[in-house]
Amino acid sequence: MTQPVSPPRDSTDKVPEAQPPAWRGLLARADVRTLSLLGVLAALILIGGITKPDEFLDSRNLQLVLTQASVIGVVTVGMTFVIVSGGIDLSVGAIVALASVWATTVATQEYGFAGILFTAVVVGVGCGLVNGVLIAYGAMVPFIATLAMLASARGLALQITDGKTQIVTVPSVLDLGERDAYVLGVPPLVLVFAVVTVIGWLVLNRTTFGRRTVAVGGNPEAARLAGIDVRRQRLYLYLLSGLCCGIAAFLLIVLSGSGQNTNGNLYELDAIAAAIIGGTLLTGGRGTITGSVLGVLIFTTITNIFALNNLQSDVQQIAKGAIIVAAVLVQRRTASTT
């Protein structure tokens, strides 16, 4: 029995090349975004060093920048998870305000350090629970549900304080803001921010919870068919956002030594903006904790430079708006080419 003879191979035929894995392309784009953000941050530091070298490059000012970034940074970590899942949380600033004033009432301060911390966290998680239930199980649009929470939390914070500033009198809380509490020159608030950032990065990139979050944001129906409880996942995400708000409220109490109903003003816009310029898609399905943190540092540095150069806040807001628009345009261009 004769063996079939294969036809001669044309010398012009080409062997198809193996396509690189899709994750390599995503990683390359992530690296480009991260390097771009680092470049912007380096440029801002250079501008600050040129315009106000003595003040900007002073160690106390740099510590101040990092400390201020810590509060909004913790909020942004929670916001990043929510946006990656395809949601939004407009109530984070109001939740920070409510948690800060509830944790600094005279009755709460009688329980000392633990009482203030516990109250701030519980109030934050409680507000996140309400948001999560309304959105996940009440089928409310996240924009509407969190907008209602924004109004309610602001109103309740004003009612608790009666428009007055509540001064913290617990020494152990106030001591955290003193230079004697710094660890190797690093403020405790910055260390808390670093810990939250690392945990957030690990959860989003190295756990099933993070993969489910991305899946829900990318395609909720496909995630449901894959066996993911989409409603429960969304509930957990708003609980996480509320937890971050509670932690940020405590950091703000340490930083300011008081609780005010005006705390956290426009935090929701700053957190969303930082996440966007960090590469998180508003439509969900993609985002990075690293990018969001760099976004926070960029905005905080801009604020500091403007303050040192005695520039008006309206110019600062215009600059922030221009950066947000540019970031969204870059996102759309990137999405259209992938």
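These numbers were taken from a predicted model, which means no experiment stands behind them.
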Hey, what do you get for [atom1] ([X]) to [atom2] ([Y]), rounding to the nearest 0.5 Å?
{"X": "M149", "Y": "I135", "atom1": "CE", "atom2": "CD1", "value": "9.0 Å"}
{"X": "S100", "Y": "L251", "atom1": "OG", "atom2": "CG", "value": "11.5 Å"}
{"X": "K52", "Y": "I47", "atom1": "NZ", "atom2": "CD1", "value": "15.0 Å"}
{"X": "N265", "Y": "E268", "atom1": "CG", "atom2": "CD", "value": "7.5 Å"}
{"X": "L237", "Y": "I83", "atom1": "CG", "atom2": "CD1", "value": "11.5 Å"}
{"X": "N261", "Y": "Q166", "atom1": "CG", "atom2": "CD", "value": "9.0 Å"}

One pair to check against side-chain hydrogen bond (donor to acceptor under 3.5 Å, both in side chains): T104 and Q109. What are the steps and the verdict? CA-CA 6 Å; T104 54; Q109 292 193 50; 5.2 Å; no
Mark yes or no for whether [X], through its side chain, and [Y], through its backbone, hold a donor-acceptor pair below 3.5 Å.
{"X": "T207", "Y": "G210", "value": "yes"}
{"X": "T105", "Y": "V101", "value": "no"}
{"X": "N205", "Y": "W201", "value": "yes"}
{"X": "Q63", "Y": "P187", "value": "no"}

Intermediate values then yes/no, side-chain contact (heavy atoms from CB on, under 4.5 Å), L266 and L269: CA-CA 5 Å; L266 296 181; L269 299 183; 3.7 Å; yes
Nearest heavy-atom pair of [X] and [Y]: which atoms, and what distance?
{"X": "F81", "Y": "T213", "result": "O-CG2, 3.6 Å"}
{"X": "F56", "Y": "L62", "result": "O-CD2, 3.5 Å"}
{"X": "L44", "Y": "T301", "result": "CB-CG2, 3.9 Å"}
{"X": "L235", "Y": "V133", "result": "CD1-N, 3.7 Å"}
{"X": "T76", "Y": "V296", "result": "OG1-CG2, 3.4 Å"}
{"X": "S70", "Y": "V190", "result": "OG-CA, 3.4 Å"}

For D270 and F299, what are the C-alpha separation, side-chain angles and deciding distance, and is it a side-chain contact (heavy atoms from CB on, under 4.5 Å)? CA-CA 8 Å; D270 287 343; F299 277 134; 5.7 Å; no
Can you tell if the side chain of [X] reaches within under 4.5 Å of the side chain of [Y], non-hydrogen atoms only?
{"X": "L239", "Y": "L243", "value": "no"}
{"X": "V75", "Y": "C244", "value": "no"}
{"X": "V71", "Y": "Y267", "value": "yes"}
{"X": "L174", "Y": "V168", "value": "yes"}
{"X": "L204", "Y": "F209", "value": "no"}
{"X": "T119", "Y": "V123", "value": "yes"}
{"X": "L134", "Y": "Y238", "value": "no"}
{"X": "N61", "Y": "L57", "value": "no"}

Just wondering, are more than 12 heavy atoms of other shown residues or ligands nearer than 6.0 Å to [atom1] in [X]?
{"X": "F118", "atom1": "CZ", "answer": "no"}
{"X": "R60", "atom1": "CZ", "answer": "no"}
{"X": "Y111", "atom1": "OH", "answer": "no"}

Would you say [X] and [Y] are hydrophobically clustered, going by side-chain heavy atoms of ILVMFWY under 4.5 Å?
{"X": "Y236", "Y": "I95", "answer": "yes"}
{"X": "L308", "Y": "L297", "answer": "yes"}
{"X": "L176", "Y": "I167", "answer": "no"}
{"X": "L240", "Y": "I272", "answer": "yes"}
{"X": "L255", "Y": "I72", "answer": "yes"}

Classify the angle between the aromatic ring planes of F250 and F113 as parallel (below 30°), tilted (30 to 60°) or perpendicular (above 60°).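 F250 vs F113 ring planes: perpendicular.
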Give a yes-or-no answer on whether the side chains of T146 and D89 include a donor-acceptor pair shorter than 3.5 Å.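 No, because no side-chain N or O of T146 sits under 3.5 Å from a partner of the opposite role on D89.
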For the residue pair T80 / S292, report whether a side-chain donor-acceptor contact shorter than 3.5 Å exists.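 Distance-only check passes for S292 and T80.
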Applying salt bridge (charged side-chain N to carboxylate O under 4.0 Å, His left out) as the test, list every pair that has at least one member in residues 149-162; sequence neighbours left out.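 For residues 149-162, and leaving out neighbouring residues, there are no salt bridge (charged side-chain N to carboxylate O under 4.0 Å, His left out) pairs at all.
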Can you list every pair that meets salt bridge (charged side-chain N to carboxylate O under 4.0 Å, His left out) and has a residue in residues 203-227, with sequence neighbours left out?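 Sorted pair list: E221-R224.
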Residue pair V77, M79: steps toward the side-chain contact (heavy atoms from CB on, under 4.5 Å) verdict: CA-CA 5 Å; V77 170; M79 180 70 79; over 6 Å; no
Evaluate the side-chain contact (heavy atoms from CB on, under 4.5 Å) criterion for residues V84 and R286: first the C-alpha distance (whole Å), next the side-chain angles of each, then the deciding distance (0.1 Å), finally the verdict. CA-CA 5 Å; V84 168; R286 191 184 76 189; over 6 Å; no
Take N131 and S241 through the side-chain hydrogen bond (donor to acceptor under 3.5 Å, both in side chains) test and state the conclusion after the steps. CA-CA 10 Å; N131 281 337; S241 180; over 6 Å; no
